[in-house]
Structure formats: C-alpha cells, structure tokens
Colleague: 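Before I ask anything, here is the structure I am working with.
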Amino acid sequence: MATLEIKDLHVTVATEDGPKEILKGVDLTINEGETHAIMGPNGSGKSTLAYSIAGHPRYQVTQGSVTLDGVDVLEMSVDERARAGLFLAMQYPVEVPGVSVANFLRTAKTAVDGEAPKLRTWVKDVNTAMEAVKMDPTFSQRSVNEGFSGGEKKRHEIVQLELLDPKVAVLDETDSGLDIDALKIVSEGVNRFKAEGDKGVLLITHYTRILRYITPDFVHVFVDGKVAEQGGPELAEALEAEGYDKYVNAKV
Amino acid sequence: MTVTDAARESVRDALEQDQVVSHLNPPPSYDLDDHPVPTGREEVWRFTPIKRLRGILDGEKSDAHLTWETQVPEGITISTVSAAEARELGELPPSERPAALAIARAGGATLIDVPADFDGDEPLLLHLHGESVDDLVWGQLLFRIGNHARVTIVVSHTGSARYCATTSYVVGDGAQVNVLTLQDWADDAVHLARDAVRVGRDASVRHSAISFGGDVVRMHANVEYAGPGGEAEMLGLYFADAGQHLEHRLFADHNAPRTKSNVVYKGALQGDGAHTVWIGNVLIRKIAEGIETFEENRNLVLTDGCQADSVPNLEIETGEIEGAGHASATARFDDNQLFYLRSRGISEEEARRLVLHGFFQDVIRKIGVPSIEERLTATVEEELAKNVLGGSLVAEGA
Ligand SMILES: Nc1ncnc2c1ncn2[C@@H]1O[C@H](COP(=O)(O)OP(=O)(O)OP(=O)(O)O)[C@@H](O)[C@H]1O
Ligand SMILES: [Mg+2]
C-alpha cells in the first residue's frame with residue numbers, strides 16, 4: 001500500500017511582515033501505482049508543497065491534513081516521515097561538507113531499514129545504483145553534493161531514491177538543469193522505481209519535456225497555492241501549447 | 001577586517017624599523033620589564049580571563065615539572081641546554097610575558113635535535129603529563145631541525161598543571177616538518193603556550209594545534225621565514241565545553257619573498273560559558289613580494305550561552321603579492337543541512353553528529369598523522385556525545 005492523501009492543506013512561511021500564506025487549500029490523492037505531475041508557474045507554491053510533505057521546519061501547516069496509508073504524516077518528525085516511506089528529491093540538494101556520499105548513503109539506509117545493510121551486497125548495490133545513472137563510483141568518496149554540478153546533484157537524488165526505496169517519491173523539478181541525456185537517465189531511474197508497481201510518484205515540473213519519458217496518470221495545474229485544474233496527460237500538452245496565462249489571468 | 005588605528009600605526013613603524021612593534025605582536029625581548037604584568041585591558045589580553053590564570057603571570061621559579069614520556073626515533077637526540085645556549089642556537093625570542101617568564105623561570109631548555117637529512121615516518125612523540133593544578137610548571141623547548149630533514153613531531157599534554165611554556169621550531173632549509181600539539185588536559189588545567197616557527201628557505205612546515213581540555217588554554221602559534229620559498233600550514237581544531245576558555249593566537253609574519261602561509265582553524269562550542277578566541281594576524285612586509293596567504297576560522301556554536309570571538313587581521317604593505325585573503329564565520333547548525341539528512345531518515349542526533357563530524361573532517365584529514373587522526377576522530381565523537389547526543393541543542397530558527 002502507498003496512498004498519500006493531502007486534504008485542504010494550508011501552509012504559511014514566516015516573513016518579516018509576519019506569516020504569509022503560500023498554500024491555500026491543496027487537495028490531492030496519490031494512490032498506489034499512480035504518477036501525478038504538478039505543473040505551475042514560478043512561485044505558485046510547488047516546492048512549498050513538497051517541503052511541507054517532507055516536514056521542513058520553515059513551513060507551518062495551519063490547516064488540513066496529510067496522511068500516508070491513513071497515518072497522520074504531519075504528526076511525524078522529518079526523519080520519521082522518511083522512515084515511514086516518504087522521499088523528497090529536492091529542487092536544490094544541499095551540500096554537506098566533510099560527509100562522504102558513502103557514509104551518508106549507508107547512514108540513511110541504516111536509518112530507513114532500522115538495521116545496517118549487509119556490507120557485501122551494499123557496496124554492490126551502491127555501485128549498481130550509481131552506474132545506473134552514470135555516476136562515477138569515485139563520487140562515493142566525495143562530500144555530499146559538494147562541488148557537484150547541477151545535473152550530478154539530481155542524479156545523486158535518484159541514486160538515493162533507488163537505494164532507499166520509499167513508498168512515495170516527491171520529485172521537485174528533478175528535471176530542471178538537466179541536458180537531454182541526463183534527463184533520459186534520470187527518467188529511467190524514476191521509471192524503474194515506478195515499475196515496482198506499488199509506488200506513488202508526485203512529479204513537480206515546469207516543463208513538459210520530462211513527461212515524454214515519464215508518463216503521468218494525472219496532471220494538476222498549480223496556481224497561487226492550490227490546484228487550479230486537473231486532467232490526464234493531455235492537459236500537459238495543452239499547457240505546452242498555451243502556457244499558464246489563462247490560469248494566472250483567471251486568478252486576477 | 002578588524003584593525004585598530006594604533007595597530008596600523010605600529011605596523012607602519014614596524015616596517016620602517018624592519019621589526020614588529022605592533023602592540024598586537026609586541027617587540028621581542030627577554031627582559032621581563034619589557035613585558036609588564038597585564039591588567040586585562042591590553043589589546044592582546046582583552047579576551048583572556050586573567051584571574052583564571054591562577055597567578056602564572058607573576059609566578060616564581062618552581063621545581064615542579066611535567067612527566068615526560070617519549071618515543072624517539074633513532075637519530076633524534078634530546079638534551080638539556082642553558083637558556084643562554086638556547087638563545088645562541090637561534091630560538092625565537094619571546095614577544096610577550098608568558099614566553100619571557102617561561103624562559104626566565106625554566107632554568108634551562110630542552111633541546112631536541114633532528115639532524116640534517118633525517119628521514120623518518122615514525123613520529124617523534126613527546127607526551128607531557130601533569131599531576132596537579134597546584135603545580136606551576138615552566139617549559140622552554142627548542143626543536144632544531146636540520147636541512148632537508150623530514151620529520152613528524154607530536155607533543156601531547158594531559159593531566160593537570162599550570163603550565164607556561166615557550167617552544168621554538170628552527171627549521172632548516174628544504175626541511176619538511178609536521179608538528180602536532182595536542183591539549184587534552186583535565187578540566188582544571190591552565191596552559192599558556194607559545195609555539196614559534198622559523199621556516200627555512202624552501203622548507204615546509206605544518207603546525208596543528210588541537211585543544212580539547214583545560215580550564216584555560218591560551219596558545220600562540222607564530223611563524224616567520226628565514227628565507228624565500230618557505231611554506232607554513234597552520235591548522236587548528238578546538239572544542240570548548242561549558243566554562244572552558246580556549247584561545248588561539250596566530251601570527252604569520254611574511255618577512256621573506258615568495259613565502260606561503262595557510263591558516264585553517266575550526267572550532268565547536270557547547271555549554272554555558274564556553275568561550276573560544278581566534279586571532280589571526282598576518283603581516284606582509286614590503287620585502288615579501290610574491291607571497292600567498294590565506295587564513296580561515298570557522299566556529300560552530302552548538303548551544304546557547306557560548307561565545308566565539310574571531311578576529312582576522314591582514315596587513316599588506318606591498319602590492320606585489322600572489323594572493324591574500326581571509327574568512328571568518330561563526331554559525332549555528334545549518335537548518336538546511338540537518339533537514340536534508342533527516343529527510344533521508346537520519347535522526348536529528350545522528351544528523352547533527354554527521355554535520356559536526358564533516359565540519360572538522362577537512363582539518364583532521366589535513367593533519368597527516370594517521371595514528372593521531374583516528375584518536376582525534378574518536379575524541380571528537382566523545383566530545384559530541386557529551387552534549388550533541390544528549391540534547392539541549394539549539395538550531396537556527398528553533
Ligand atoms: N521564507 C519565505 N519568505 C517569503 N516568501 C517565501 C518564503 N519562502 C517561500 N516564499 C514564497 O512562496 C512562494 C512559493 O514558493 P515556492 O518555492 O514554493 O514556489 P515554486 O512553485 O516551487 O516556484 P519555482 O517554480 O520557482 O520553483 C514564492 O512566492 C516565494 O517567494
Ligand atoms: Mg520550486
């Protein structure tokens with residue numbers, strides 16, 4: 001089972017002028033085996049939604065609920081959410097100087113599984129996951145994301161997705177900053193994850209081009225902190241042709 | 001950059017006289033009258049809790065000593081010489097009271113001779129241990145390192161004492177020297193130290209100061225050059241717990257052309273009244289063309305109630321330099337780093353441990369004494385376990 005249910009989610013961030021509401025009532029259900037794409041203009045709150053699901057302390061949930069297989073996610077700490085099976089591939093993966101990728105991956109895997117992975121198979125698994133996204137194994141010895149190119153950071157996120165094997169993956173603009181080859185590589189990684197069958201995917205993106213490689217079951221147009229329209233893959237085609245103008249203008 | 005006008009002026013004077021008379025780095029003198037007992041208001045003493053030095057600054061001669069346990073690679077000799085002989089052998093003269101006092105009171109110096117062309121992987125280990133903070137111990141050490149020698153020297157301090165020592169490293173031409181001084185004292189120890197290095201022509205010296213223990217540690221690490229082409233890497237790592245005062249004062253005196261200095265000190269603070277001080281003085285004299293210098297100090301504040309003072313001073317008196325810069329930062333845990341790690345299932349405590357471990361790792365890696373690196377990593381872990389794993393931490397925005 002892997003059902004992520006978001007109901008009437010309202011989220012604020014603290015600003016100098018007090019709290020500012022960014023999410024204004026988001027409703028979204030991702031059932032097992034489904035891939036949902038969220039598309040929307042800059043600043044519409046897509047990353048805010050992703051961070052709120054993952055529990056970033058900067059975002060305050062003021063209303064609504066998020067559940068994973070019926071269990072309240074908002075009650076959980078950030079790491080509890082990850083251990084419960086949520087994964088967020090970040091738009092801007094964070095550099096952690098002095099912590100090697102190898103150490104980081106092993107620590108994360110141990111935390112998520114509740115036990116240390118078997119040493120022999122683990123090294124092989126890491127290498128396989130890295131090769132799958134064409135990351136040189138020498139990355140293991142480098143500090144987490146430090147000095148990685150934009151594309152390398154995104155591939156590293158996919159390596160983590162493969163190794164940590166969550167129930168639901170939220171991918172925040174994993175496609176941005178990738179050249180066409182990297183885009184294919186990353187998409188293949190997501191498709192391998194999807195192919196396991198019982199997974200949920202929430203794919204946040206700006207561009208339709210990734211949707212040529214990862215076929216969504218549903219497309220949601222996100223405007224001003226909520227879902228403005230939803231439909232099937234054909235909606236993405238329409239957005240490609242017409243842009244967001246009609247939604248943004250309709251709002252005003 | 002934080003430089004007082006007085007300091008600027010005195011640096012200018014210094015250049016004219018070709019001698020440093022900056023009150024940040026007073027002129028060297030063996031005469032105690034030239035180094036009056038500080039009141040605590042002086043620029044160079046203003047961060048130091050004078051009372052907690054427990055009378056060292058006007059201390060008298062004493063028979064007390066530290067127990068020396070040594071591991072001496074073949075070829076290196078240790079002997080005792082008079083203070084006068086140490087001076088003749090070219091030790092770096094004292095530029096402030098504790099160093100001058102140590103020489104005046106120690107009743108002779110320990111001379112460690114590393115012959116020219118010595119080449120050894122096995123480190124010279126000096127383990128100095130004190131029995132009680134009631135003991136006032138003076139120390140004068142002189143390391144003479146011959147031309148083209150390659151040597152690793154580890155001086156570690158444990159136990160307790162009021163220990164005031166001056167140590168000179170006179171490094172021959174083309175030598176490669178790796179010095180590590182470890183302050184792993186018991187909680188009540190007081191340690192005033194001055195390590196002064198003269199780097200020979202084309203020689204390279206790494207000096208690492210690691211301070212964990214003690215009630216007060218105040219340590220100078222000074223470097224100057226006997227000729228062009230010398231390189232100095234000054235590393236430091238410190239971890240101050242509640243009530244501890246750990247002060248590191250660096251001075252890189254670029255008095256020769258095409259010399260290099262690279263200073264990296266990193267510290268963590270936790271607990272009420274933990275106080276660290278880092279002063280990074282760099283002087284690039286007119287003659288010192290084509291030099292490179294960089295100094296960096298980073299502090300990670302783990303709890304409320306700590307204070308990290310960090311003052312880089314860069315004085316450049318020639319335009320003909322390859323590069324000069326400094327960086328100083330004091331921060332709490334980075335929320336985004338913790339969030340990233342935790343979003344992968346790693347618990348908050350473990351995430352803090354990883355970040356802090358990573359923070360120190362680049363310094364630990366550079367130290368280049370494998371046997372010590374492991375011990376350092378373990379000690380950092382222990383320090384972390386005291387508090388970081390025990391809760392009562394603050395994060396930015398928390
Ligand atoms: N700390 C903050 N203070 C003020 N405003 C903020 C803060 N954090 C986010 N916002 C605002 O919230 C809005 C939504 O930001 P978010 O990053 O979620 O947008 P996005 O849809 O992911 O945009 P993009 O397509 O550029 O990634 C933006 O207008 C942003 O400026
Ligand atoms: Mg975004």
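Small disclaimer: the values here were computed from a predicted structure and weren't measured. Proteins come first, then strands; the chains are lettered A, B, ... in the order of their sequence lines, and each starts at number 1.
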Colleague: Looking only at heavy atoms, which of residues 135-146 of chain A get nearer than 4.5 Å to chain B?
Modeller: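 Only A/Val144, A/Asn145 of residues 135-146 of chain A have a heavy atom under 4.5 Å from chain B.
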Colleague: Give a yes or no answer on whether the side chain of A/Arg83 reaches the backbone of B/Ile346 with a donor-acceptor pair at less than 3.5 Å.
Modeller: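 Flag not set: sc A/Arg83 to bb B/Ile346 has no pair under 3.5 Å.
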Colleague: Give a yes-or-no answer on whether the side chains of B/Asp335 and A/His56 include a donor-acceptor pair shorter than 3.5 Å.
Modeller: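 No.
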Colleague: With a 4.5 Å limit on heavy-atom distance, are the side chains of B/Phe339 and A/Val94 in contact?
Modeller: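 No. Closest side-chain heavy atoms not under 4.5 Å.
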Colleague: Give the interface residues of residues 104-112 of chain A toward chain B, defined by a heavy-atom separation under 4.5 Å.
Modeller: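 Residues A/Phe104, A/Thr107, A/Ala108, A/Ala111, A/Val112 are the ones that qualify, each having a heavy atom under 4.5 Å from chain B.
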Colleague: I need the A/Asp79 CG to B/Glu349 CD distance, nearest 0.5 Å.
Modeller: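 It comes to 8.0 Å.
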Colleague: Does the side chain of A/Arg58 come within less than 4.5 Å of B/Asn336's, by heavy atoms?
Modeller: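 Yes, at least one pair of side-chain atoms sits under 4.5 Å.
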Colleague: If you compare all heavy atoms of B/Ser343 against all heavy atoms of A/Ala82, which two are closest, and at what distance to 0.1 Å?
Modeller: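 Taking every non-hydrogen atom into account, O-CB, 3.3 Å.
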Colleague: Specify which of B/Ile364, B/Leu341, B/Leu354 makes the most heavy-atom pairs with chain A at under 4.5 Å.
Modeller: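 Of the candidates given, the most pairs with chain A belong to B/Leu354.
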Colleague: Given that the side chain runs from C-beta out, which part of A/Pro93 has a heavy atom under 4.5 Å from chain B: side chain, backbone, both or neither?
Modeller: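 Answer is both: backbone and side chain atoms of A/Pro93 are under 4.5 Å from chain B.
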Colleague: With a 4.5 angstrom heavy-atom cut-off, which part of A/Glu80 approaches chain B: side chain, backbone, both or neither?
Modeller: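 The answer is neither part of A/Glu80.
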Colleague: Under the side chain to side chain contact (heavy atoms under 4.5 Å, CB included) test, which residues partner B/Asp272, sequence neighbours left out?
Modeller: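 Side chain to side chain contact (heavy atoms under 4.5 Å, CB included) check on B/Asp272 returns nothing, list empty.
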Colleague: Counting only heavy atoms not in B/Glu122 (residues, nucleotides, ligands), do more than 12 fall under 6.0 Å from its CD?
Modeller: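 Yes, enclosed.
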Colleague: Kindly check if the number of other-residue, nucleotide or ligand heavy atoms within 6.0 Å of CG (B/Asp187) is above 12?
Modeller: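 At most 12 heavy atoms, drawn from other residues, nucleotides or ligands, come within 6.0 Å of this atom.
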Colleague: At what distance, to the nearest 0.5 angstrom, does CG of A/Asn103 lie from NE2 of B/His357?
Modeller: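 Answer rounded to 0.5 Å: 6.5 Å.
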Colleague: Could you please state which residues from residues 148-162 of chain A sit under 4.5 angstrom from chain B, measuring non-hydrogen atom to non-hydrogen atom, sorted by number, or 'none'?
Modeller: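 So far as heavy atoms go, A/His156, A/Glu157, A/Gln160 are the residues that approach chain B to under 4.5 Å.
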Colleague: Do the side chains of A/Pro97 and B/Gln337 get nearer than 4.5 Å, heavy atoms only?
Modeller: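 With C-beta onward as the side chain, the pair touches.
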Colleague: Check whether more than 12 heavy atoms from other residues, nucleotides or ligands sit under 6.0 Å from atom CD of A/Glu196, and answer yes or no.
Modeller: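 Yes, enclosed.
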